[in-house]
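Okay, structure first, notes after.
We name chains A, B, ... by the order of the sequence lines, and we start the count at 1 in each one.
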Protein chains: 2
Amino acid sequence: MGLTAMRKNALSKQRIVEAAIEILDNEGESALTFRALATRLATGAGAIYWHVADKNELLSATTEHVVVPAITHSASEPGDAIRAIALGIFDTMDAHPWVGAHLSRAPSQTAILAIIERLGAQLLELEVPEKHLFSAGSALGNYILGVAGQNAANARLLPAGTDRVDFLTAVANEWSQLDADQYPFVRRVARQLAEHDDREQFLAGVDLILDGIANLPR
Amino acid sequence: MGLTAMRKNALSKQRIVEAAIEILDNEGESALTFRALATRLATGAGAIYWHVADKNELLSATTEHVVVPAITHSASEPGDAIRAIALGIFDTMDAHPWVGAHLSRAPSQTAILAIIERLGAQLLELEVPEKHLFSAGSALGNYILGVAGQNAANARLLPAGTDRVDFLTAVANEWSQLDADQYPFVRRVARQLAEHDDREQFLAGVDLILDGIANLPR
DNA sequence: ACCTGAACACCGTTCAAGT
DNA sequence: ACCTGAACACCGTTCAAGT
């Protein structure tokens with residue numbers, strides 16, 4: 001082991017990513033700047049670029065760091081395993097709202113590949129017909145990433161410190177006062193918006209897709 | 001009609017939104033700045049703020065402007081109507097990649113409300129049980145918005161002027177060279193990635209959800 | 001009422017200079 | 001090889017001053 005490895009507090013991608021996650025979790029997406037990150041790491045802004053190509057790579061790395069461990073499942077039945085993976089992602093986004101934002105907009109990425117692989121492996125177990133494998137996997141993936149994006153958007157909307165239930169109740173009130181001719185459906189489900197459980201709702205959507213997959217012609 | 005309304009070339013939200021859409025379509029998301037927009041409108045950057053609160057409102061307005069007309073359907077059967085609405089959104093995102101980006105990350109919005117309403121009205125026609133109305137609607141909506149986000153991300157990824165098929169073929173090649181133990185599913189569907197038709201794929205996902213909805217206990 | 005455009009308070013990123 | 005921090009080239013947004 002050379003001197004390099006022994007240097008105390010040496011910068012590394014690992015340390016940078018962990019510091020970035022702390023900022024994202026504690027102060028929100030908008031607080032993560034290279035300047036703030038450099039300050040926290042007691043270094044110059046430019047130093048970070050030695051270890052990380054740019055901000056996109058930084059966000060991808062933080063996302064992978066929290067998502068990949070969250071999608072290892074331990075269910076024996078493929079349907080349960082898919083539900084467990086989906087919930088793992090959901091709970092991660094709940095704990096780290098910035099994950100949803102990045103997942104739903106950033107390209108390629110190890111994280112998305114890992115998600116597709118975990119979900120897809122279970123589709124293989126389910127013996128989904130070969131020609132439907134890809135579309136079944138992408139339907140599940142797109143649904144989950146769609147929820148990710150909307151959750152992140154909602155988190156951004158919710159003024160810091162506002163109670164979630166109060167907020168939803170307020171939105172539900174707006175919905176129920178919309179024009180009855182133009183918005184019959186939205187008015188009708190307004191109360192369910194206020195009362196619904198995000199997590200259950202999310203799972204219900206996964207189940208709809210799983211049911212559709214189970215009914216695929218073989 | 002007063003003098004105000006007669007002034008030639010007077011700025012208006014309408015004119016601003018149309019100019020913004022032109023920039024977004026011709027030069028991409030990153031080209032839409034208040035300075036560029038002001039230059040195109042032959043005015044000062046600050047003038048825009050008299051008509052539009054901020055950039056978020058501007059993007060919401062442009063999104064509504066292209067999405068809302070795209071989701072009026074003309075099908076008699078509810079399932080067909082839902083497919084038509086979904087395809088309307090899909091084709092809009094295809095023509096205006098920036099729509100997907102904003103739809104999948106921005107909050108509230110008339111556009112999202114309109115989408116939910118159009119989809120939901122068809123669920124009422126399908127006589128989906130009351131207690132499943134909300135989750136069925138949000139499953140459809142989240143899936144569609146998920147695709148929106150991923151499509152936008154892909155469009156961003158694709159270097160300007162690159163052929164889509166070439167690009168997908170290249171990604172498929174990467175996928176098929178991944179570790180066989182770690183990525184069995186991704187390797188297996190790599191070829192389908194290169195050959196798939198985005199639009200068909202998208203519809204297949206809608207159909208999976210519709211099938212799940214049709215099977216809901218009553 | 002509406003428009004102008006300079007100014008403010010930021011960004012991400014680069015790069016010459018250090019160790 | 002790795003770090004420093006000033007500098008560059010931008011942003012969105014504000015606001016005093018104009019018409």
Side-chain angles (χ1 to χ4, degrees), chain A residues 1-21 23-24 27-63 98 101-102 105-107 153 156-157 159, chain B residues 1-21 23-24 27-63 98 101-102 105-107 153 156-157 159:
Chain A
M1 188 190 287
L3 271 173
T4 313
M6 297 176 64
R7 173 142 174 218
K8 295 232 174 173
N9 289 331
L11 227 45
S12 66
K13 185 162 174 179
Q14 164 96 353
R15 274 193 67 220
I16 292 170
V17 166
E18 284 165 3
I21 290 174
I23 293 177
L24 288 165
E27 299 164 62
E29 278 179 73
S30 64
L32 181 66
T33 67
F34 277 80
R35 269 164 257 255
L37 191 52
T39 302
R40 178 174 288 243
L41 290 164
T43 182
I48 296 166
Y49 284 88
W50 188 264
H51 302 274
V52 169
D54 53 26
K55 192 162 189 184
N56 188 54
E57 187 186 308
L58 177 60
L59 280 171
S60 292
T62 59
T63 299
W98 48 272
H102 189 67
R105 66 184 299 279
R156 219 168 334 206
L157 238 199
Chain B
M1 187 188 289
L3 272 174
T4 314
M6 298 176 63
R7 173 144 176 217
K8 296 232 174 174
N9 289 331
L11 226 45
S12 65
K13 186 162 174 178
Q14 165 96 351
R15 274 192 69 221
I16 292 170
V17 167
E18 283 165 4
I21 290 174
I23 294 176
L24 288 166
E27 299 164 61
E29 280 178 72
S30 63
L32 181 65
T33 67
F34 276 81
R35 270 163 257 251
L37 190 53
T39 301
R40 177 176 289 244
L41 291 164
T43 182
I48 297 166
Y49 284 88
W50 188 264
H51 302 273
V52 169
D54 54 25
K55 192 162 189 183
N56 188 56
E57 188 186 308
L58 177 61
L59 281 171
S60 292
T62 59
T63 300
W98 47 272
H102 189 66
R105 67 186 298 280
R156 221 167 333 203
L157 236 199

Roughly how many Å is it from OH in B/Tyr49 to C1' in C/dC8, rounded to a whole number?
13 Å

Does any non-hydrogen side-chain atom of B/Leu58 lie less than 4.5 Å from one of B/Leu37?
yes

It should be established whether A/Trp50 places a side-chain nitrogen or oxygen under 4.0 Å from OP1 or OP2 of nucleotide D/dC2.
yes

Where does DNA chain C pair, written as one dot-bracket string 5' to 3', with Watson-Crick or G-U pairs under 3.5 Å, ( ) inside the strand, [ ] for crossing pairs and | for another strand?
||.|||||...|||||.||

From CZ of A/Phe34 across to P of C/dC10 the rounded distance in Å is 18 Å

Measure CG/B/Leu41 against P/C/dG5 and give the value in whole Å, please.
14 Å

Can you name the one residue among B/Leu32, B/Ile16, B/Thr62 that meets side chain to side chain contact (heavy atoms under 4.5 Å, CB included) with B/Ile21?
B/Thr62

Please report the distance, rounded to the nearest Å, between NZ in B/Lys55 and P in C/dC10.
19 Å

Mind checking whether B/Val52 and B/Val17 have side chains closer than 4.5 Å, heavy atoms only?
no

Within this structure, what is the CZ-CG distance for the pair B/Phe34 and B/Leu41, rounded to the nearest 0.5 Å?
11.0 Å

Nearest nucleotide by nearest heavy atom, which residue falls closer to the 5' end of DNA chain D, A/Arg35 or A/Ala47?
A/Ala47

Rounded to the nearest Å, what distance is computed from the CG atom of residue B/Leu32 to the P atom of nucleotide D/dT13?
11 Å

To the nearest angstrom, how far is A/Asn56 atom CG from C/dT13 atom C1'?
14 Å

In whole angstroms, the gap separating P of D/dT14 from CG of B/Asp54 amounts to 8 Å

Apply the side-chain hydrogen bond (donor to acceptor under 3.5 Å, both in side chains) test between A/Lys13 and each candidate in A/His51, A/Glu57, A/Glu18; give the one that qualifies.
A/Glu57

Sub-4.5 Å side-chain heavy-atom contact between A/Asn56 and A/His102
yes

Under 4.0 Å, heavy atoms only, any strand: does B/Ala38 hit a base, just the sugar-phosphate, or nothing?
nothing

Measure the distance from CD1 on B/Ile48 to C1' on C/dC2 and round it to the nearest whole Å.
14 Å

